[in-house]
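To start, the structure itself, in structure tokens.
The analysis underlying the following values was restricted to heavy atoms, covering all of them including side chains, and did not include hydrogens, waters or symmetry mates. None of the values given here were measured: they were computed from a predicted structure. Letters A, B, ... are given to chains in the order of the sequence lines, protein chains preceding strands, and every chain is numbered from 1.
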Amino acid sequence: MATTKERPPSAEARALGAELGLSAEQLIEMYRLIALTRAVDERMWVLNRAGKVPFVISGQGHEGAQVGITYSLRKGHDWVVPFYRSVAMVMTFGMTARDIMTAQFARADDTSSGGRQMPGHYGAARHNILSTSSPVATQVLHAVGIALAAKIRGTDQVVVTALGEGASNQGDFHEALNFAGIHRLPVITVVENNGYAISVPSALETAVDDIAVRAAGYAMPGIIVDGADVLGAYKAGREAIERARRGEGPTLIEAKVTRLTAHSSDDQQTKYRSAEELERERERDPLPRFRAQLMDAGILDEEKVAAIETEIKAAVDDATDWAEAQPEPDPATATRHVYAEPEA
Amino acid sequence: MATTKERPPSAEARALGAELGLSAEQLIEMYRLIALTRAVDERMWVLNRAGKVPFVISGQGHEGAQVGITYSLRKGHDWVVPFYRSVAMVMTFGMTARDIMTAQFARADDTSSGGRQMPGHYGAARHNILSTSSPVATQVLHAVGIALAAKIRGTDQVVVTALGEGASNQGDFHEALNFAGIHRLPVITVVENNGYAISVPSALETAVDDIAVRAAGYAMPGIIVDGADVLGAYKAGREAIERARRGEGPTLIEAKVTRLTAHSSDDQQTKYRSAEELERERERDPLPRFRAQLMDAGILDEEKVAAIETEIKAAVDDATDWAEAQPEPDPATATRHVYAEPEA
Amino acid sequence: MAVMTLIESIRQTLADEMRRDESVIVLGEDVGKKGGVFLATDGLHAEFGGDRVIDTPLTESMIVGASIGASVNGLRPVPEIQFADFIFPAFNQIVSELARMRYRSNGTFNCPVTIRAPYGGGVHGALYHSQSVEAYFTHVPGLKTVVPSTPYDARGLLRSAIRDDDPVLFFEHKKLYRSVRGEVPESDYTIPLGRAQVTREGRHVTVLAYGLMAHYALEAADLVEGEGISVEVIDLRTLRPLDRETVIDSVKKTGKCVIVYEDNRFGGYGAEIAAILAEDAFDYLDGPIVRVTGPDVPGVPYAHTLEDWFMIDPDRIVAAIRQLAAY
Amino acid sequence: MAVMTLIESIRQTLADEMRRDESVIVLGEDVGKKGGVFLATDGLHAEFGGDRVIDTPLTESMIVGASIGASVNGLRPVPEIQFADFIFPAFNQIVSELARMRYRSNGTFNCPVTIRAPYGGGVHGALYHSQSVEAYFTHVPGLKTVVPSTPYDARGLLRSAIRDDDPVLFFEHKKLYRSVRGEVPESDYTIPLGRAQVTREGRHVTVLAYGLMAHYALEAADLVEGEGISVEVIDLRTLRPLDRETVIDSVKKTGKCVIVYEDNRFGGYGAEIAAILAEDAFDYLDGPIVRVTGPDVPGVPYAHTLEDWFMIDPDRIVAAIRQLAAY
Ligand SMILES: Cc1ncc(C[n+]2csc(CCOP(=O)(O)OP(=O)(O)O)c2C)c(N)n1
Ligand SMILES: Cc1ncc(C[n+]2csc(CCOP(=O)(O)OP(=O)(O)O)c2C)c(N)n1
Ligand SMILES: [Mg+2]
Ligand SMILES: [Mg+2]
């Protein structure tokens, strides 16, 4: 990703950096990732309203936790096993705005599925981002299996997977964390708790306030982070990743996030969420909060923020135009990849 | 069940009784249930070795916890949802030695299944004992559903279900307790933890020592009882049942029990359990311990114990002979009960 | 007589049955305030409350497993699986438990449970929001499987399903929810399970279909009529128990049969019908039993170019009819 | 050349493959010290240790789900499902995930996983230890399904399955484990997936079968030989991909076909073969396609009187052959 020229970091910046072992440049990169993801995400909705893409499911409100928690992973070495809200997570791990947009337009060269899956079903073999399906929670077992292979093969890899709090009530979640706990596998399970499973509120999803309390049932740490606090998420993620890499086993991280949009472009959230609630939730948006934090620390200023915005707008425009211009999948390819194809 | 004439209970007996609200007669009935179940169970193995029944799966070592926990239920009003080790539980709730033996011999009038299922798959509609299947943990959801109906219909019923600690790692257990917790359903889930899932030891089943800690993840109490301590089990069971009946919600009870036999007649446990361990485990047998306790309290004496033994031997002989003499299922009935049958 | 869509017919039938019988409850993901992702349960929560219209956690095995338990303790649960594609987490509860309760208990327990689920492709749902899953369940003794294709049938069949003392899977094609309208009487009529419907009489070729394909079959029959091909169309409506008599009688008359199903071809539901005809109507067959089916790829792809390739349209049925008629 | 039982052949093949390729691991319930409830993995834990022979918790969805993950990160897992009857908790992982990983990722991920499971009745296993479950999986594009019937085939097919880059379901009939013995060469031979075997040549009737039924079919053929009925027996061995050519060629020759499967009749695997023949070999059929199958009840009952009623024996196949030959 392109960089902008830096001033020597201020005392506050050094403080903020030092405390977390992050350079000003890294902090700015994290900010850029969150802002870029948000811009890509907002564009999806614009395209949907314009009738250009039939479906959108997005991660607005979840980006801070995703970038923070996964930022310490080793790209191309470790693994991420995402879910449909993991836009920021997969972009942090190597996918680009073009990758996201080709999936939105279901183009032939869509990295995730060649236009075969709905948007939001991310995957990229070359980045160790596992292909996402729709049935929720199944991926937690895949992440655990990847971690098992890493342990058996001694590859020193760490796996991060994510799911919603609603999905965490599925049996697969229980079976996955149970197995990860037994073998102390290098896997971090992130529950992005936004308080709803489509329209079903927390109170009808579980009897507990915090999914993290369930970690004790698998003899692993259960950490709660405020999804609007990017650096808090970073700290929790880094510690869990380091612990996993040291062979000290799995971690469950619960990120309290907010869902700033409807569940998907097929949902009408005003039917089950009050205007007041939606208004209130806006305050939990990680993007403005992180921006302010970096500006207070003198790491960002109006000028830099504007520069990044311009840069991001250009990237999103490029990705949109480029993706839209790509060819659609050829029906002649529809029968490919059911089974391995004999080498020519 | 027949009674033996009682002497006026001793001071110790009154003490033991008073503290738990149990009369000497009730304490003796509990003892008789445990002893009878054990005798029936031992007979199954004799018949198996004699080549008279092809399969045995039994509850030796689990009986104390089962009788203790379920003793306070209202027969014919409440429900029990058993598993294959629940011999003592279903006998406490109304099934007889003959019922058990007709299932062992797979006779036509077997209450549980008419000889259609393997022995150990208990069920009795007239006693509100739900039919048992083989796939583990599925019944926990059935118990939760029965409790849901009880709550919606306002029947004031309480449901007790049981499963092994191995089965408690299945997804259905997680989904069941999660739902029971949300709606504070009148259901008690008993995990009979004998340290093994066939040959797989605790350490490879879960990373935690106590399944009970998982109760916190569902906002319900998790109680641990010593399965060799019948009255401790009774106390925990009674409290949970009363709590459920008062509408205060579900409870998870973990009974630490011992499996005194091989997993089933198809298993060779010496292959994975040492002679020392098997020897040591004998000390956790609830039967002699409870007998001694009642004798110390002057509720039982040699004479009474002998009388009960004689009575039980007669009951088991009767059940065996009677069951063996019953007709086998007629193949002409094999197509019945796939769907409802039109009334004649 | 009221004219309504398929989804309206289902919604009204659910409300009717809940009014008629207080043991009927509805449970599933988002069936409450939201009224279901397709609005099949819209308004039920307001009328009957959270006790009888239960928004469940995101756990299908629980939805079915708890329904089994509730059904043996006096209720008639009508669980909704949000998409048929998501019924698989409940597969063990349905196949091992729900289907076998009556048989394994020698008739002493039974489960009056009706599982509703939207199925089918052509709605940009891709691999996991487009599947036809009937074949996995029609194979299972102890289960009944129903697929309505009209608002009238949906009402009569759903009533029968809910009142049935055995488990019924009730699959509703998403593409029909709002695209098909029809007259639905106010009366409390039912349509017995296990009866197919001859939706068009003909002499030369029998076309067997259900769900969305039952409509395409009729369109195809119209298209070839001008060519002098007289097509008999049968809407199976209930896949199990199968109405063998109606099917076999028609094939005895026409001697030729096209079976249409949207699901993957290999081992799909229609294979059983072909097998039955090849064994029990062999002497009457004047031509091969032709299947028009979805292709054997793991799901309906998303891109419209690929989805169009996957989905059957009336023209493909026409081509099969022509070929067979000319045989 | 060594003579061994089916279970010995499987055990040795697992050991061979684990020696040959250290990416091969075995996982499942009781596969470690105990060596599996049928001893299929006996000795593997001692030789390869707990890292490559993993006693898992009692959680089938985890067994398959973790195998999927391990397979995309460099391993070739060979999970064991203790009884085929207990594969249903893993149904979602197999059908939604394992089968579709390659297709949905446009060929960028794939899962070399071989799921072994003992299946079949006649062993006093009752409803939940006797099932034939192949039909649920042969319907799924992306999966391969293998059912060996001899020690020789088991070895060659299991090698091919483990070395295959796609998921394979490998079903072993419990009743064959120790009842059938045969010669098995030391050599590293393989039998390609997708090839049926003509186990007996004949002219009048083709009998198609697999697993235990492949043996009964041969017995039946012997029994009618004296009556001048020449039976061709085909052991399908791989149910998907199906060896269409071998099957169709045989039926073109004999004109008559009996399909035998132990599973419930309605919608069982053999229905697809009947459908294929009724469409692609219709012109060659001189008689109905006859199926000899298990009855349509929810499971094999336990009491031996009922189990005997359920199970197919060679005589029932003989009766079908006679009837069809006389047609
Ligand atoms: C097994 C399964 N059942 C149902 C669905 C339909 N569905 C998609 S997302 C969703 C809600 C998920 O809620 P949560 O896990 O909290 O994640 P969130 O969308 O809130 O981020 C549902 C019910 C599904 N995808 N998979
Ligand atoms: C879903 C499923 N998988 C596997 C089995 C085979 N099986 C029967 S009992 C058992 C072990 C059960 O262990 P646990 O739950 O601890 O109960 P215990 O037998 O120790 O009392 C297994 C693996 C089964 N019955 N169901
Ligand atoms: Mg959520
Ligand atoms: Mg145990």
Interface moiety of C:Pro301 toward chain D, non-hydrogen atoms closer than 4.5 Å: side chain
Residue pair C:Ala275 / D:Ala274: nearest heavy atoms and the distance that separates them: CB-CB, 3.6 Å
When C:Pro298, C:Pro89, C:Gly267, C:Ala90 are compared by non-hydrogen pairs under 4.5 Å with chain D, the top option: C:Pro298
Shortest non-hydrogen contact between C:Leu127 and D:Tyr103, atoms and distance: CD2-CD2, 4.3 Å
C:Ile276 vs D:Arg265 side-chain heavy atoms within contact, under 4.5 Å: no
Contacting moiety of C:Tyr269, where chain D heavy atoms sit under 4.5 Å: side chain
Spacing of OG belonging to D:Ser96 relative to CG belonging to C:Asp85, to within rounding of 0.5 Å: 8.0 Å
Proximity breakdown for C:Val95 and chain D, heavy-atom pairs closer than 4.5 Å: side chain
Proximal component of C:Asp286, with respect to chain D [non-hydrogen, under 4.5 Å]: backbone
Which portion of C:Leu239 sits near chain D, non-hydrogen atoms under 4.5 angstrom: backbone
D:Arg195 atom CZ: more than 12 heavy-atom contacts under 6.0 Å: no
Portion of C:Phe282 that has a non-hydrogen atom of chain D nearer than 4.5 angstrom: side chain
Non-hydrogen side-chain atoms of D:Asn92 and C:Phe86 separated by less than 4.5 Å: no
Residue C:Leu242 versus chain D: region with a heavy atom under 4.5 Å: side chain
Ring geometry between D:Phe91 and C:Tyr136 (parallel below 30°, tilted from 30 to 60°, perpendicular above 60°): perpendicular
Close side-chain approach of D:Thr138 and C:Phe266, heavy atoms under 4.5 Å: yes
Pairs of heavy atoms under 4.5 Å with chain C: top-ranked of D:Ser61, D:Gly287, D:Gly270: D:Gly287
Most contacts with chain D, counted as non-hydrogen pairs under 4.5 angstrom, among C:Gln131, C:Gln93, C:Arg102: C:Gln131
Heavy-atom closest pair, residues C:Ala135 and D:His139: CB-NE2, 4.0 Å
Spacing of CZ belonging to D:Arg100 relative to OH belonging to C:Tyr128, to within rounding of 0.5 Å: 5.0 Å
Contacting region of C:Phe137 [heavy-atom separation from chain D under 4.5 Å]: neither
OH/C:Tyr284: more than 12 non-hydrogen atoms of other groups inside 6.0 Å: no
Per-residue contact mode, C:Asp263 against chain D (heavy atom under 4.5 angstrom): side chain
Toward chain D, the part of C:Glu60 with a non-hydrogen atom under 4.5 Å: neither
Residue, of D:Ala271, D:Pro141, D:Gly142, D:Ala281, that accumulates the most heavy atom pairs under 4.5 Å with chain C: D:Pro141
Least distance between heavy atoms, C:Ile289 atom then D:Glu279 atom: O-CB, 3.2 Å
